[in-house]
S.K.: 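Below are the structure tokens for one structure; questions will follow.
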Amino acid sequence: MVDTMQTWRDAAMATFRAVGLPHDRQEAWKYTDVSAIHQRMGADWRKENAPAAAPFLPEFYPKIDGLDAYTIIFFQGRIHVLGLALPAGVDLVPWSTMDQTTACEDLPKVQPDAPLFHAFDALNAGLMDDGVCLRVAAGVLLDKPLYILHLHDDTAHSHVRHRVHLGESSKASIIHHDVALTGEHARLRTSHYHCYLETASTLDHTRVQEFAANDWHFGRLHVEQQQASHFDAHAAELGGEKIRMDICVQLQQASAYCAVHGLFLLHDAQHVDHHIHINHYAPDCSSRQVYRSVLADHSHGVFNGKVHVHRHASGTDAEQHSDNLLLSKNAEIDTKPELEIDHDNVTCSHGATVGQLNADHLFYLRSRGLSEAMSRDILVFAFADALLAVLPDRHIRRYIESIAFNKIPHGTDLLGLLAK
Amino acid sequence: MLKIENLCASVAGKKILRGVNLHVKAGEVHAIMGPNGAGKSTLSNVLAGRDAYTVTTGTVLFHGQDLLAMKPEERAWAGVFLAFQYPVEIPGVNNTYLLKAALNAKRKHQGLSQLDAFDFLKMVKEKAKLVDMDESFLSRSVNEGFSGGEKKRNEIFQMAVLEPTLALLDETDSGLDIDALRVVAGGVNQFRSADRAIVMITHYQRLLDYIVPDVVHVFSDGRILKSGDRHLAMELEKRGYDWVKEEATHG
Ligand SMILES: Nc1ncnc2c1ncn2[C@@H]1O[C@H](COP(=O)(O)OP(=O)(O)OP(=O)(O)O)[C@@H](O)[C@H]1O
Ligand SMILES: [Mg+2]
């Protein structure tokens, strides 16, 4: 019998080899150097994949206080805890529990022609550990978010590949949370989401990234939107050593809306690079890109947001914002909003700011009796919080705030600062 | 309480303060009046500790301590408060939180325990009432979207909460409507006490009808040219500043 899954994987690996690793002579990889990948992966890129074993009991897993959600847990890229009672019309199946033929048909395909495609996405398909196929039937509104906790330890690399399909007028919210439990050995993580939004459906996709300090991650979020569908993405980049996200949104039919938000809170030598490509193919679609980064120490942020307004996309409304706070003279940001317009009747705006903390604000706070350190923290917090305030779930917001700001000396005091 | 001797300061290489002498005793209210650009705000900023200004000579003693050697937050803990001429908007920083953090920072410095959240909120609401400030302002970001007058009122509200011993009010009356002026002045008058002092910078004699000063100073070209009682302010209102300058040069 032919092993269909193996054939599928082999084809992906063939693409991986044919495309070749990204390198700094490619415009999209100018700032993210992956040449050290070979040391990380060793001779046989596959061999490291040890079978998943739960390191400790689920009650000790990181928890988001107060979050009321349908929870599934992956460990090292494989489904670990499922046991969900999902509402009727919501179908969620891990690839590993499907028969191979069905899985190979439903798995997100490797699409070398898609914008921002690169070898690591083919690698993700070739080495995939597991993932889910989520289908929400037409008209079904998921009453609670689907919380997909991805736990990682350093015994192996991990690769997840998910597919999300929202039927007409359906609605769902996904929270993807990456947490590293251990981080001694340097690992590679890859992820892929393929989301398809039928007419008038709504998807919210939140990613909270807390990889280990020496983890690399290459992720792809590929979204295809039909008429009047609504897509919101949020990313909080908190951990990892080298993080690259490629976000591609295809606005294929009229009146679709997408908003891509990203918050980088980086320190040490962390490197986070988000490349975004939004294609406006149809009339009257809107897109937003809203990014903020707080860069300390030697950290490096990259934001490259491209909007391409195609020939038939009259009435396009596109906005891009990238605001960056450099807390150290060694921190660096490369921000580039890009616009390609094949149609006249469009409203496009973009703005990028790079700066330090405002001296007048600092003096004002200090003159009221706040120490210099605390004043700085408050201003950083307030800057970052503008993006957290738009998160769909307030428990996620509180969680990110506590993770990000407990690291700074006055973190715990700061939580009261939020405008309610 | 406050002893300023021969204070000279410059900003961006430009000399602004040229020998300021000013003594303020506890319980007193001093008014400083003078033409635009004379250096009045510079003086208040130097006293509050803004580091853009360089003090070249002179001394400032506050309760016998060298004020100029202190950081801005240490001055605040010691009891100095500046109501800014142009209060900044700080998006994302909650007005009430700022005050709570400020009070707690001071208490920590004094070795006191942190404030009880309930007591604090009660006190803040009382103080808001004192300056007739709507409670909705408490949960807004500091000065963000506040009108000019609302910002000034917020400064006095902050003063009332922080209870400094020396309040420097830099044109707090500018931008206030007639009713607001009365309310804000009422707040300041309630604040007056035997162990507190107020130095208020103003362009308008009208303010002095509400907050009656003990001393009025004419500030010009980086120093105090003339001092007198409240009648000096009335005279200035009538005659302007030129005669004071002339008196100072020929006199
Ligand atoms: N940061 C600065 N950089 C350059 N010049 C400054 C700075 N701050 C103040 N100055 C200058 O110092 C002088 C005094 O300014 P200051 O604000 O102290 O005047 P003022 O007496 O408060 O005037 P007003 O009545 O208009 O408020 C002005 O000429 C002003 O332009
Ligand atoms: Mg002034």
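Proteins get letters first, then strands, A, B, ... in listed order; numbering begins at 1 in each.
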S.K.: Is Arg50(B) in contact with chain A via its backbone, its side chain, both, or neither, using a 4.5 Å heavy-atom distance?
M.R.: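 Contact with chain A involves both backbone and side-chain atoms of Arg50(B).
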S.K.: Please report the interatomic distance CD(Glu372(A)) to CG(Asp51(B)), rounded to the nearest 0.5 Å.
M.R.: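 So the CD of Glu372(A) and the CG of Asp51(B) are separated by 8.5 Å.
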S.K.: Just wondering, are more than 12 heavy atoms of other shown residues or ligands nearer than 6.0 Å to NZ in Lys144(A)?
M.R.: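 It does: Lys144(A) NZ has more than 12 such atoms within range.
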S.K.: Can the ring centroids of Phe84(B) and Phe363(A) be said to lie less than 6.0 angstrom from one another?
M.R.: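 Distance test on ring centres: under 6.0 Å, yes.
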S.K.: Give the member of Gly49(B), Ala105(B), Ala52(B), Pro91(B) that has the highest number of heavy-atom pairs under 4.5 Å with chain A.
M.R.: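 That would be Gly49(B).
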S.K.: If you apply the rule salt bridge (charged side-chain N to carboxylate O under 4.0 Å, His left out), what do you find for Arg368(A) with Glu155(B), and how did you get there?
M.R.: CA-CA 10 Å; Arg368(A) 296 303 178 245; Glu155(B) 295 290 287; 2.7 Å; yes
S.K.: Could you pull out the closest heavy-atom pair between Ser367(A) and Ala76(B), with the gap in Å?
M.R.: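 For Ser367(A) and Ala76(B), the tightest heavy-atom pair comes out as O-CB, 3.4 Å.
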S.K.: So which atom in Val93(B) and which in Ala382(A) form the shortest heavy-atom distance, rounded to 0.1 Å?
M.R.: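 Reported closest heavy-atom pair: CG2-CB, 3.7 Å.
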S.K.: Could you state the interatomic distance from CD1 (Ile378(A)) to OH (Tyr97(B)), rounded to the nearest 0.5 Å?
M.R.: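 Here the rounded value is 4.5 Å.
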S.K.: Atom NE2 of His109(B) and atom OG of Ser371(A): how far apart are they, to the nearest 0.5 Å?
M.R.: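 Going from the NE2 atom of His109(B) to the OG atom of Ser371(A) covers 12.0 Å.
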S.K.: At a 4.5 Å cut-off on heavy atoms, which part of Leu98(B) comes close to chain A: side chain, backbone, both, or neither?
M.R.: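 Its backbone and side chain both get close to chain A.
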S.K.: Nearest 0.5 Å please: distance from the CG atom of Leu82(B) over to the OH atom of Tyr364(A).
M.R.: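 These two atoms lie 9.0 Å from each other.
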S.K.: Among Lys100(B), Glu89(B), Glu73(B), Lys106(B), which residue forms the greatest number of heavy-atom pairs with chain A at distances under 4.5 Å?
M.R.: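 Max contact count across the listed options: Glu73(B).
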